[in-house]
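Each chain gets a letter, A, B and so on, in the order its sequence line appears, and its residues count up from 1.
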Amino acid sequence: MTVATQSTAMPTAGQHGLVAHSDGPVVPVQTRSERFRSVDVADFAPVTGREHEWKLSPVAAFADLTSGELDGARLGLETAGAEGVAVEWIARDDARIGTAGTPEERASANAWTSFGEALLIRVTGEDDKIATVTRTGLGSTPRGAHTVIEAAPNSRGLVVLAGTGSARLSENVEVIVGEGANLTVVSVQEWDDDAVHLASHFARIGRDAKLKHIVVSLGGKVVRVNPSTHLAEQGGDVEALGLYFSDAGQHLEQQVYVHHDAPNTRSRVTYKGALQGEGARSVWIGDVLIGNAAVGTDSYEQNRNLVLSDGTRADSIPNLEIETGNIAGAGHASATGRFDDEQLFYLMARGITEEEARRLVVRGFLNEIVQQIGVAELEERLTAALEAELQGA
Amino acid sequence: MSVLEIKNLHVNVETDQGTREILRGVDLVINEGEIHAIMGPNGSGKSTLAYTIAGHPKYTVVEGEILLDGENVLEMSVDERARAGLFLAMQYPVEIPGVTVTNFLRTAKTAIDGEAPSVRHWVKDVRTAMGNLKMDSAFAERNVNEGFSGGEKKRNEILQLELLKPKFAVLDETDSGLDVDALKIVSEGVNRAKENTGLGILLITHYTRILRYIKPDFVHVFVAGKIAEQGGPELADRLEEEGYDRYQVAEPASAE
């Protein structure tokens, strides 16, 4: 056996990775927190589909959202409010805007550049409460929008941000979780079959605050919801959960990023998806960065996919970057398995019909996430919606 | 009285090398309450018989019949066969992700009976059956066969046999890979099921070992896709001493 001597010195300019890359003129950044960011769409080059943040997305299906002009007018809303949750429109120059994050790609920047006013959902008070804001009737006009969800210090609450009907929407959602607050945000995508929805969620978690963030994507032609969480102060905690069911011709994507940037922060990322039908597609990218300051970090991320038929594709890419050795734990896992003919035979050999067998397996698989939502009515509705998905394809 | 009849059964299987003939005219009649042992060397077609009775899509019946109380089993789907009273304890039970044993058992019982079992009795029945099979109660909340040891998987099969109460059970090499303690526990379960429900049993095995614990009424020796010899329990004793060598295995069918 021959052992090649490997130099551990810094790569030279001539080595791969430091020369201009075929992906574009810019060398890809190696650290997740150093990606280029800007709120101005003009700062981003036109999207080719070769960029790392777009390379798994069907960019031609939404060129209007990445490079066209967006209508930044107020979105049509249906609001089911609660005491302690205020819903109002605020001006672009409001001080809260931009405090939780900055766009890292062109569709997000385009929305930021275009929106007229931002929707503010403000949670106050220490009692549990649930509010639902549904965006609906958006039609086929390409739109850009901005939402700020703010949980006041020590407040508790659950906000459901839903989307139904047709839409071509690019948006940014900032989630500002104040000190000691406990907030749950559930983003539910039940758009019509032709809808395109690109969303970037930016959460900033204050000291000893907790965010549970749940992405549920069921309906829409292309749905891409990318939640980033900045654990910026000590004791912050994020639980990022996701659930998706992709059927024929559907593209459901989520790029999840957790940045541990303060001592003793915790994150759990769990995304589960099912795919059924020709051309059903899912993408999950999970980036976790444990920064130099983030001693005592406790982190785990995982993605599970259940493939129910031929002709599907699930991409699952966990990335973990650790800049300090002094942590409590960090792990990642990814598994994509199929519900195969032998499993079906086993269940049917016990008298269970084929339809019931599929339902049993899918429900068992996805329920782990559904159960965590914490709104009984929504859980029931989503369980029914998942069963409809199963029947539908 | 229930009867399972297998008449002149010819079965083919599609492989990468083309169609292979595995069963070449099997005749067998099993009455309720009887235990028939099917013994034979590897590749003789024993498992093919088991899977064909259960209706696995890989096997094609080219000739012959399987009748359950006169009803044509071959026209039934896999789940219909199970609901008609047939049960197959699998040699290699598969893992079912996301489905707990509890959920699976209740769903199967409901499907077989056509109605949900009464909650109070069912929970007790499951607990008792698991206790008898020395299965820890934590099993109930685990996913079906996921991370189970070989012995645990076989016990889980017999648990289903006891709870679903079929008319006829095919046990496909349930003894393989079990240590003696597990073998005893599993055998007791089979005997208990027979005592409680009077079911007919087709016990498929390579070894005579399990026949010390489950006493067959009839023994059939399977060679090259056919029954080469049959008799009473004494035939098993003879096999134990002599092995399968005296049956000239000219053309092994190798389907297992």
What option among A:Asp341, A:Leu306, A:Leu360 has the most heavy-atom pairs under 4.5 Å with chain B? A:Leu360
Among B:His56, B:Arg81, B:Met90, B:Arg83, which has the most heavy-atom pairs under 4.5 Å with chain A? B:His56
If I measure from the heavy atoms of chain A, does B:Pro57 come under 4.5 Å with its side chain, its backbone, both, or neither? side chain
B:Ala116 meets the side chain to side chain contact (heavy atoms under 4.5 Å, CB included) criterion, sequence neighbours left out, with B:Thr110
Against chain B, residues from residues 367-387 of chain A with at least one heavy atom under 4.5 Å, in numeric order, are none
Check A:Glu342 against B:Val94 and note the closest heavy-atom contact, atom names and distance. O-CG2, 3.7 Å
Contacts with chain A made by residues 132-162 of chain B (heavy-atom distance under 4.5 Å), listed by residue number: B:Val144, B:Asn145, B:Asn156, B:Glu157, B:Gln160
Contact listing (chain B partner; residues 345-355 of chain A; heavy atom under 4.5 Å): A:Phe345, A:Tyr346, A:Leu347, A:Met348, A:Ala349, A:Arg350, A:Gly351, A:Ile352, A:Thr353
Interchain contact, B:Glu95 with chain A, by part (heavy-atom threshold 4.5 Å): backbone
Report, as yes or no, whether the 6.0 Å neighbourhood of atom NZ on A:Lys221 holds more than 12 heavy atoms from other residues, nucleotides or ligands. no
Taking atom CG of A:Asp193 as the centre, does the number of heavy atoms from other residues, nucleotides or ligands within less than 6.0 Å exceed 12? no
